[in-house]
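Keep in mind that this is a model prediction, so the values were computed, not measured. Below, chains carry the letters A, B, ... as their sequence lines are ordered, and counting in each starts from 1.
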Amino acid sequence: VTSWNSIIAGYFQNYRPQEARSLFDKMPERNTTSWNSMISGYVKNNMLNHARKMFDMMPERNVVSWTAMVRGYIQEGAISEAESIFHQMPEKNVVSWTVMLGGLIQENRIDDARRLFDAMPEKDVVARTSMISGYCQQGRLAEARELFDDMPRRNVISWTTMISGYAQNLQVDIARKLFEVMPEKNEVSWTAMLTGYTQCGQVEEAYDIFERMPNKPLAACNAMILGFGQSGKVVEARRVFNQMGVKD
RNA sequence: GGCCAGAACUCUGGAU
């Protein structure tokens with residue numbers, strides 16, 4: 001059963017819902033994970049109505065089934081429906097809460113999001129980072145920073161979120177300070193810092209970051225080229241373009 | 001110990 005379930009997920013990842021379905025129909029036995037794979041697969045492929053049918057048909061639902069449906073409605077922008085499902089859930093875990101939190105943030109209902117956040121029975125690093133990200137999107141950096149400082153644990157994503165928040169809100173110097181002290185950086189962190197500089201019109205600094213990057217992913221090259229382009233440095237932009245491995 | 005659900009960067013496309 002486990003193998004079949006994996007194949008189903010694989011079909012959906014490759015946008016082949018019909019093949020996933022026919023495999024599902026042929027399976028000699030199914031467990032809750034099989035049904036859940038169908039639901040989340042349909043959600044991924046923007047086929048919420050199919051997901052819902054599966055959800056209604058399945059013999060028993062667990063917290064993953066419910067959470068996938070909440071996520072589906074959020075993705076469709078049907079927030080009140082998502083909230084309704086969320087409140088109907090027989091049990092919720094930290095993931096369910098975080099999905100709902102993300103839905104409110106997506107709707108710019110940041111204060112509602114905060115209330116939900118405060119109501120969470122437990123908050124892990126993902127939930128906290130999501131809330132921080134929401135505040136950053138609204139330019140409410142002080143509140144974001146307070147949550148960040150209070151985190152019991154941070155990972156590279158939490159750090160990058162906070163840095164990016166400062167950078168996007170034109171506080172690139174504060175972003176840089178955090179960037180320098182973060183314990184480990186990945187490609188996204190570097191690119192976020194680079195973008196912060198280009199958006200503040202500090203192309204030299206951006207290029208300095210770019211050069212110091214251990215490797216230069218496509219996203220960083222894109223950001224760098226755009227940064228040069230916006231400040232009229234066409235030659236430099238061209239040079240970066242010519243250096244990149246995969247162009248698109 | 002294994003991608004059935006959740007958080008971060010650039011661009012593009014789609015939907016509104």
Remember a base hit wins even if backbone is also touched, and classify S40(A) as base, sugar-phosphate or nothing at under 4.0 Å, heavy atoms. sugar-phosphate
Round to a whole Å and report the spacing from CD of E60(A) to C1' of C4(B). 15 Å
Atom-pair distance (CD1 on I163(A); C1' on A7(B)), nearest Å: 15 Å
Nearest whole angstrom, please: distance from the P of C4(B) to the CD1 of I8(A). 11 Å
Could you state the OH-P distance from Y42(A) to C4(B), rounded to the nearest angstrom? 17 Å
Sub-4.0 Å heavy-atom contacts from residues 99-123 of chain A onto RNA chain B, ordered by number: V99(A)
Nucleotide A5(B), atom P - distance to CE of M89(A) in whole Å: 14 Å
Stem ranges for RNA chain B, with three or more consecutive Watson-Crick or G-U pairs under 3.5 Å? none
V70(A) and A82(A): which non-hydrogen atoms are nearest, and at how many Å? O-CB, 3.8 Å
Heavy atoms only, 4.0 Å cut-off, all strands: where does N62(A) land among base, sugar-phosphate and nothing? nothing
Between D150(A) and R145(A), is the closest basic N to carboxylate O distance under 4.0 Å? no
Quick one: is the NZ or CZ of R154(A) closer than 6.0 Å to the six-membered ring centre of F148(A), and within 45° of its axis? yes
For R16(A), does the CZ atom have more than 12 heavy-atom neighbours from other residues, nucleotides or ligands under 6.0 Å away? no
Atom pair NZ/CD1 of K233(A) and I225(A) - distance to nearest 0.5 Å: 15.5 Å
Whole angstroms only, please: what is the CG-C1' distance between N155(A) and A7(B)? 8 Å
Closest heavy-atom pair, R176(A) versus I209(A), reported as atoms and distance to 0.1 Å, is NH1-CD1, 3.7 Å
If you take the centroid of each ring, where Trp contributes its six-membered ring, are W4(A) and F24(A) closer together than 6.0 Å? no
K177(A)/D173(A) salt bridge by N-O under 4.0 Å criterion: no
When you look at CD of E60(A), are more than 12 heavy atoms from neighbouring residues, nucleotides or ligands closer to it than 6.0 Å? no
Contact letters for nucleotides 8-16 of chain B, in which S counts primed atoms plus P, OP1 and OP2 and B counts the base, heavy atoms under 4.0 Å: BBBS-----
So which atom in K123(A) and which in D118(A) form the shortest heavy-atom distance, rounded to 0.1 Å? NZ-O, 4.0 Å
Does the ring center of F55(A) lie less than 6.0 Å from the ring center of W66(A)? yes
